[in-house]
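Below: the structure, in structure tokens.
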There are 4 protein chains.
Amino acid sequence: MRIKDELKQEAIFKATIKLVNKIGFVSSSVSKIAKEANVSPATIYIYYKNKEDLLVSTFLRIKQQLGTAMLKNFDESKPIRDVFRTIWFNSFNFIQINPDLINYVEQFQNSPYYDLIDIKAAESSFEPVLMMIKKGIDQKIIKDVSLDMIGAFIYYPIMILSNPRRTRNIKLDKKTIEKAFQLAWDAIKL
Amino acid sequence: MRIKDELKQEAIFKATIKLVNKIGFVSSSVSKIAKEANVSPATIYIYYKNKEDLLVSTFLRIKQQLGTAMLKNFDESKPIRDVFRTIWFNSFNFIQINPDLINYVEQFQNSPYYDLIDIKAAESSFEPVLMMIKKGIDQKIIKDVSLDMIGAFIYYPIMILSNPRRTRNIKLDKKTIEKAFQLAWDAIKL
Amino acid sequence: MRIKDELKQEAIFKATIKLVNKIGFVSSSVSKIAKEANVSPATIYIYYKNKEDLLVSTFLRIKQQLGTAMLKNFDESKPIRDVFRTIWFNSFNFIQINPDLINYVEQFQNSPYYDLIDIKAAESSFEPVLMMIKKGIDQKIIKDVSLDMIGAFIYYPIMILSNPRRTRNIKLDKKTIEKAFQLAWDAIKL
Amino acid sequence: MRIKDELKQEAIFKATIKLVNKIGFVSSSVSKIAKEANVSPATIYIYYKNKEDLLVSTFLRIKQQLGTAMLKNFDESKPIRDVFRTIWFNSFNFIQINPDLINYVEQFQNSPYYDLIDIKAAESSFEPVLMMIKKGIDQKIIKDVSLDMIGAFIYYPIMILSNPRRTRNIKLDKKTIEKAFQLAWDAIKL
DNA sequence: GATGAATGAGTGTTCATTCAT
DNA sequence: CATGAATGAACACTCATTCAT
């Protein structure tokens with residue numbers, strides 16, 4: 001029964017994220033996740049090798065979703081700033097619709113599990129963005145610094161601003177997002 | 001009676017940070033910290049009410065150290081950009097000398113313990129920086145956005161860039177730091 | 001799945017009573033009980049929510065057994081004194097066969113856990129005895145005092161006399177029990 | 001300084017009883033008792049060999065007080081029933097004035113420490129009562145049964161009736177005590 | 001005599017994982 | 001495939017007691 005399988009795996013995936021949101025990464029034990037998914041702890045070990053595998057897989061899957069969302073309406077024929085702006089708003093839209101996914105990502109990235117991740121692979125879906133940035137650098141539109149640094153001023157401010165634990169008194173309305181984009185763009189543009 | 005051994009408390013403090021660096025926040029149990037400090041687990045409970053108290057106190061103490069370090073040679077009579085640049089380099093210097101302290105802070109801020117912190121109090125030593133930013137906004141030198149947003153483009157890039165887990169292939173040499181400062185300043189300046 | 005092992009739960013039940021007998025209520029820790037039952041400490045938490053649940057459940061189960069034993073050959077058509085005498089001997093028989101159960105009950109009733117017990121519910125199996133006493137009061141055979149007081153002169157002397165810790169040099173032979181019954185009956189009869 | 005010593009020992013004695021009343025025998029640790037007595041844990045070990053010694057000594061001292069109180073106005077020239085009645089009311093008076101002492105005794109007697117007590121010695125102050133009972137037996141006023149059994153119908157009902165944990169809905173007013181005496185006397189009288 | 005610091009052994013409980021069905 | 005039972009190891013924390021002053 002193929003369908004049943006996928007339903008179960010999906011339930012585990014969702015339960016993992018939901019529970020991490022509810023009680024935090026640290027307190028989310030395998031058996032609690034199993035209970036949240038209405039499944040036996042042993043069942044989780046059918047779909048995942050161990051806890052690490054479960055958490056890492058969940059992370060990678062979210063990353064992929066995030067990558068897809070970011071690149072909606074991606075059109076590299078447009079001016080770089082416009083493309084960049086689209087990505088920026090895509091990100092915030094996704095975050096506003098799926099705050100729990102981003103919370104999971106944040107918590108995961110600050111856990112020891114993150115050390116196990118092959119970043120290149122994890123960020124493969126962001127490849128077009130990287131290409132765009134490189135093009136921007138070539139065209140002297142974006143500053144000539146390492147991609148990691150660009151990321152530090154783009155990707156992470158997004159994460160921080162959308163993390164209610166970090167910025168407890170900011171509201172992500174359209175105007176705020178627009179301003180944030182302005183800062184980010186000013187940072188990286190030549 | 002036996003005199004309260006300052007060395008012992010210091011050993012616990014250092015062991016906590018060292019262990020969080022070695023094995024991560026989550027895995028750092030009280031007994032492991034005790035072992036690292038060459039102390040009985042029970043001894044920790046002489047100096048701290050419980051694990052939370054240990055972790056929170058350690059965090060606050062680091063924050064204070066960081067605040068002091070940041071404000072070295074702080075001279076508000078100088079142009080804002082210069083003051084800002086001094087703080088920027090102070091931060092990176094401190095981080096380069098004490099990478100483990102910053103790693104602890106980062107991990108702490110992404111733990112549920114951070115929710116317990118009174119941010120205002122924790123960041124009181126950063127007050128002069130906030131004042132400077134406000135002055136910059138008034139003088140139309142810095143963009144008129146919320147402090148949280150300024151922070152997202154200043155404080156957090158510093159943290160990220162200096163977190164080897166996050167940016168595994170960046171070297172914090174003088175040139176890189178200078179460049180990073182350029183991006184940060186461009187982001188917030190009007 | 002592995003089937004829930006009735007034998008295991010039974011082993012825990014018996015180990016609890018045995019250990020309380022051997023080393024006392026206070027010193028009987030969960031891990032010691034587990035060891036006595038040849039079971040992992042964690043296993044106990046499959047069958048009981050926590051230590052309190054284990055101890056309370058064990059108490060209630062014994063109480064029920066005691067209630068059943070007391071009421072053997074209960075025949076309310078007989079004269080009250082005879083019914084009462086039957087109960088009295090039933091009790092001592094049960095106690096002689098199961099001295100450890102009674103010791104457990106005694107220790108439990110003097111522990112803080114006893115405060116959690118709903119007495120009405122715990123003594124529901126004694127209901128017929130209470131009814132009989134009430135009938136005896138109505139018929140002017142038994143003194144018109146509160147049930148608690150009747151209990152103090154019936155139930156507790158039984159407990160005390162059968163508790164070797166309390167009365168170290170009494171032997172519960174038939175003659176002694178008969179005498180004890182005489183005292184109890186004289187106390188409550190009108 | 002003799003005075004200081006005795007004050008300290010007295011403080012420990014009172015703190016022990018108070019704490020056992022507040023949080024129970026089981027939870028009363030040496031350091032908590034020390035805190036309650038405004039004394040260092042180590043100080044307790046100056047006056048008592050160990051915890052057992054502390055608890056046992058406290059018990060014996062209370063027993064002695066109880067014995068003294070019971071025998072107030074003891075006049076063996078009076079009829080046995082009257083003497084007995086006096087003792088009965090003395091007991092209840094003492095209990096009503098010092099409920100915490102009795103609570104301590106009760107808890108102690110159901111602890112493993114009680115096994116260490118030399119009953120003969122502990123009850124030496126009750127000697128006159130025992131003598132009286134023996135005289136009563138000789139004069140064919142009291143039933144010819146062992147002292148332990150007499151005790152089971154006298155001493156323990158007093159304890160039980162005055163233990164609020166055991167008899168949660170009885171009030172020890174004068175009438176109730178009188179009735180209880182009636183039952184006790186009927187039990188043992190020939 | 002009096003103290004608070006210090007501790008190894010213990011507490012109740014939860015963990016990630018495996019087993020037997 | 002799916003399960004709940006079962007577990008040894010670990011968790012945060014407290015204990016009775018001793019040590020050094």
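In what follows, chains carry the letters A, B, and so on, assigned in the order in which the sequence lines appear, proteins first and then strands, with residues in each chain numbered from 1.
- Picking from E:dA2, F:dT7, E:dA6 the nucleotide with the shortest atom distance to the side chain of C:Lys8 gives F:dT7.
- Summarising the geometry, the separation between CD1 on B:Ile44 and C1' on E:dA9 is reported as 16 Å, rounded to the nearest angstrom.
- The main-chain N or O of D:Asp100 is never found under 3.5 Å from a side-chain atom of D:Asn98 such that the two would form a donor-acceptor pair.
- Side-chain contact check for A:Lys35 versus A:Leu19: every heavy-atom pair is 4.5 Å or farther apart.
- The side chain of A:Ile46 approaches F:dA2 more closely than any other nucleotide in the set F:dA2, F:dA5, E:dT7.
- Taking the C1' atoms of five terminal pairs at each end of the helix from E:dA2-F:dT21 to E:dT21-F:dA2, the two resulting helix axes are inclined by 20°, rounded to 10°.
- No side-chain heavy atom of A:Ser28 sits under 4.5 Å from any side-chain heavy atom of A:Thr16.
- As a whole-Å value, the separation of B:Leu7 CG from E:dA6 C1' is 15 Å.
- A salt bridge does not link A:Lys14 with A:Glu36: none of the charged nitrogens is closer than 4.0 Å to a carboxylate oxygen.
- Using a 4.5 Å heavy-atom threshold, the side chains of A:Ser40 and A:Thr43 count as touching.
- Per the geometry, NZ belonging to D:Lys35 stands 14 Å off P belonging to E:dT3, to the nearest Å.
- Between C:Tyr113 and C:Phe59, the distance from one ring center to the other does not fall under 6.0 angstrom.
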*asked:* How would you summarise protein contacts on nucleotides 10-15 of chain E per nucleotide, using B for base, S for sugar-phosphate only and - for none, with heavy-atom distances below 4.0 Å?
replied: -SSBBB
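- Rounded to whole Å, the distance from OH on A:Tyr48 to C1' on E:dA16 is 17 Å.
- Atoms CD1 (C:Ile33) and P (F:dT7) sit 16 Å apart, rounded to a whole Å.
- Side-chain contact between C:Tyr45 and C:Val30 is present, with heavy atoms from C-beta onward closer than 4.5 Å.
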